[in-house]
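Here's the structure, in structure tokens; my notes come after.
Residue numbers start from 1 in every chain, and the chains themselves are labelled A, B, ... in the order their sequence lines are given, proteins ahead of strands.
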Amino acid sequence: MATFQTLPGFREFYPDALARRNHVFRLWRQTATTFGFNEYDAPVLEPLELYKTKSGDEIEAQLFSFTDKGGREVALRPEMTPTVCRLVGEKANALKRPIKWFSIAEFYRYERMQKGRGRCFFQFNADIFGEPGIEAESELIALLVQCLCAFGLSEQDFYVRLSDRNLWFYYLEALGLDDARTRAMLSAVDKFEKSGDEAFNSYSEQFGPLDAALKEKVLAFLRVKSLPALEAILSSVPGEKLAARLTDWRRLLGNLEAMGLARFVEVDLAVVRGLAYYTGFVFEAFDRKGELRALAGGGRYDNLVGKLGYGELPAVGFAIGDMTFALLLEQRGLMPTFVQAPDIYAVIGGAQERLAAFGDIHALRAAGFKVDYPMKEVAFGKQFKAASESGAKLALIYGGDELAKGVVKIRDLTNRSEQEIPRDQVLATVKDFYSQH
RNA sequence: GCGGUCAUAGCUCAGUUGGUUAGAGCACAAGAUUGUGAAUCUUGGGGUCGCGGGUUCGAGUCCCGUUGGCCGCCCCA
């Protein structure tokens, strides 16, 4: 007998798992809507070139890509950013600013599986286009925080690390590094948290031994964890760009504090995010215990829309992945268990009674009640047990005795009380019951 | 792509130095019980022991390979 396995890294959602997934999506969608973001969707399959243009040729190794029957090189989308840039870029002149959009979509990456990472996963993506100032960052970081708080998570559970690639560029420039050295140094900064001093090996190989004074200045900057610390370290470094950038920082943190979100946000220049396309503030959300992969990540990417061939358009965005997020909710006991319970379970005597019951069952369903009944003729005892286990609050009993009298027995399964009601009163009685329960 | 580790029923797991027809609990289903939800009892379905090869009189058990899961590395848009 042939057996078919699920493709490695792919997920199947049985009803209980789908209920949890829907719960997460529902709250994300609701939260984004309260922030005034509009939902969009787009194709799962895109031209391979879209991702090569954005991320370089090496990206293909990480993609589910193939040649379609028309000879087109295509790939399953590994992320939403290039797609949303295209959508916005195509109609940029016609869209009201600021453009605040979000999506909840599935993505595919040809990677090795690990905890919190599969070959397919869902992301909540939110982006703001057309706003060059820190107002966009304020809005998105606030949305990110609320997307997690909506589930009952607090500043005890997660935090957002805020950093700034511009600050690093200006700082390293002030220290005398050219563009190539700056990029190599940022790569080292990105790795430093995990690898320690080894992170600088690649830099040393390219540009010779690392000057001890320079390294110390980089490490000092990397260790900045607060605005006062940042102000202190920059007070001895001249430069108009740094001063202006510091003003942006003060305004951004001021906005977040005014929203009551300061307790979620930590200045942390050790975060630079490897992606070359980020151009300013970058941020990542982590669980406080540090046990899980990043919950979310994002930042400003002012050049990407232009790079894809459209007019220049400033942009900021972030994404939350569903897998790590679900792990966190489960760890904290914040993932509810869902039961698909009917409102009413019909208990049916025999073939005649069944036909009589069908009329009421359909009328109740048409009125919006969830109604279930046994498909086969089974003993009353079994039916009451099934009614109880179904989670329904009410049972409607269609027995020979009742129908002979022109009534239906209605049983409150929560307190086991019963009453007989005329058959034409069933819908009204059920409505009355559920208006009070 | 690399390394470690694991794989027996839908789930959690037993399975002796290699030895008869591979077991238990839970879950599912039927019955005891054709008018009231618990509990109990009885019974049943469900396994090519992940797959393939090797050693052996004999392999769930030992060996090799392979696939898949988990953990770590690389990567993480």
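- The distance from atom CE of M113(A) to atom C1' of rG3(B) is 18 Å, rounded to the nearest whole Å.
- Listed by first then second residue, pairs satisfying ring-ring contact (aromatic ring centres under 6.0 Å, His included) with a partner in residues 53-74 of chain A read F10(A)-F64(A), F64(A)-Y110(A), not counting sequence neighbours.
- For F25(A) and F122(A), the distance between ring centers is under 6.0 angstrom.
- Evaluation of the salt bridge (Lys or Arg N to Asp or Glu O under 4.0 Å) rule for R161(A) yields E193(A), D268(A) as partners, not counting sequence neighbours.
- Rounded to a whole Å, the CZ atom of F286(A) is 13 Å from the P atom of rC76(B).
- Applying the ring-ring contact (aromatic ring centres under 6.0 Å, His included) criterion to F37(A), with sequence neighbours excluded, gives no partner residue.
- Against RNA chain B, the stretch residues 7-25 of chain A makes heavy-atom approaches under 4.0 Å through P8(A), G9(A).
- When the side-chain nitrogen and oxygen atoms of K115(A) are compared with OP1 and OP2 of rG72(B), none of them lie within a distance under 4.0 Å.
- Partners of Q123(A) according to the side chain to side chain donor-acceptor pair (under 3.5 Å) rule, which considers only residues two or more places apart in sequence or in another chain, are N125(A).
- Nearest-nucleotide mapping onto RNA chain B: of G400(A) and Y110(A), the residue sitting toward the 5' end is Y110(A).
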Check nucleotides 5-9 of chain B for protein N or O atoms closer than 3.5 Å to its own N or O atoms and list the pairs.
none

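- The CD atom of E377(A) sits 9 Å away from the C1' atom of rU34(B) (whole-angstrom rounding).
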Exercise for review: Could you walk me through whether F124(A) and F325(A) pass ring pair (Phe, Tyr, Trp, His ring centres under 6.0 Å), step by step?
Suggested key: CA-CA 11 Å; F124(A) 169 87; F325(A) 185 67; 9.9 Å; no
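- Here salt bridge (Lys or Arg N to Asp or Glu O under 4.0 Å) pairs that include residues 144-158 of chain A, with residues two or more places apart or in two chains, are E155(A)-R263(A), D157(A)-R332(A).
- Every pair passing side-chain hydrogen bond (donor to acceptor under 3.5 Å, both in side chains) that includes a residue from residues 70-90 of chain A is listed here, sequence neighbours excluded: E46(A)-T83(A), E46(A)-R86(A), K54(A)-E79(A), T67(A)-E73(A), D68(A)-R72(A), E90(A)-Y310(A).
- A salt bridge between E60(A) and K52(A) is present, with a side-chain N of the basic residue lying under 4.0 Å from a carboxylate O of the acidic one.
- Under the side-chain hydrogen bond (donor to acceptor under 3.5 Å, both in side chains) criterion, the residue pairs touching residues 375-401 of chain A are D360(A)-Y398(A), with sequence neighbours excluded.
- Whole-Å rounding puts the E60(A) CD to rG1(B) C1' distance at 16 Å.
- For F221(A) and W168(A), the ring centers sit closer than 6.0 Å to each other.
- Residue I59(A) contributes atom CD1, which lies 16 Å from atom C1' of rG1(B) at whole-angstrom precision.
- For R112(A), no side-chain nitrogen or oxygen approaches OP1 or OP2 of rC73(B) to under 4.0 Å.
- Under the side-chain contact (heavy atoms from CB on, under 4.5 Å) criterion, P15(A) pairs with no residue, sequence neighbours left out.
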Review point. Which nucleotides of nucleotides 37-45 of chain B have their base under 4.0 Å from a protein heavy atom (B), which only their sugar-phosphate (S), and which neither (-), written as one string 5' to 3'?
Key: BS-------
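- Stems are defined here as 3 or more consecutive Watson-Crick or G-U wobble pairs with pairing distances under 3.5 Å; those involving RNA chain B are B:1-7 with B:67-73, B:10-13 with B:23-26, B:28-32 with B:40-44, B:50-54 with B:62-66.
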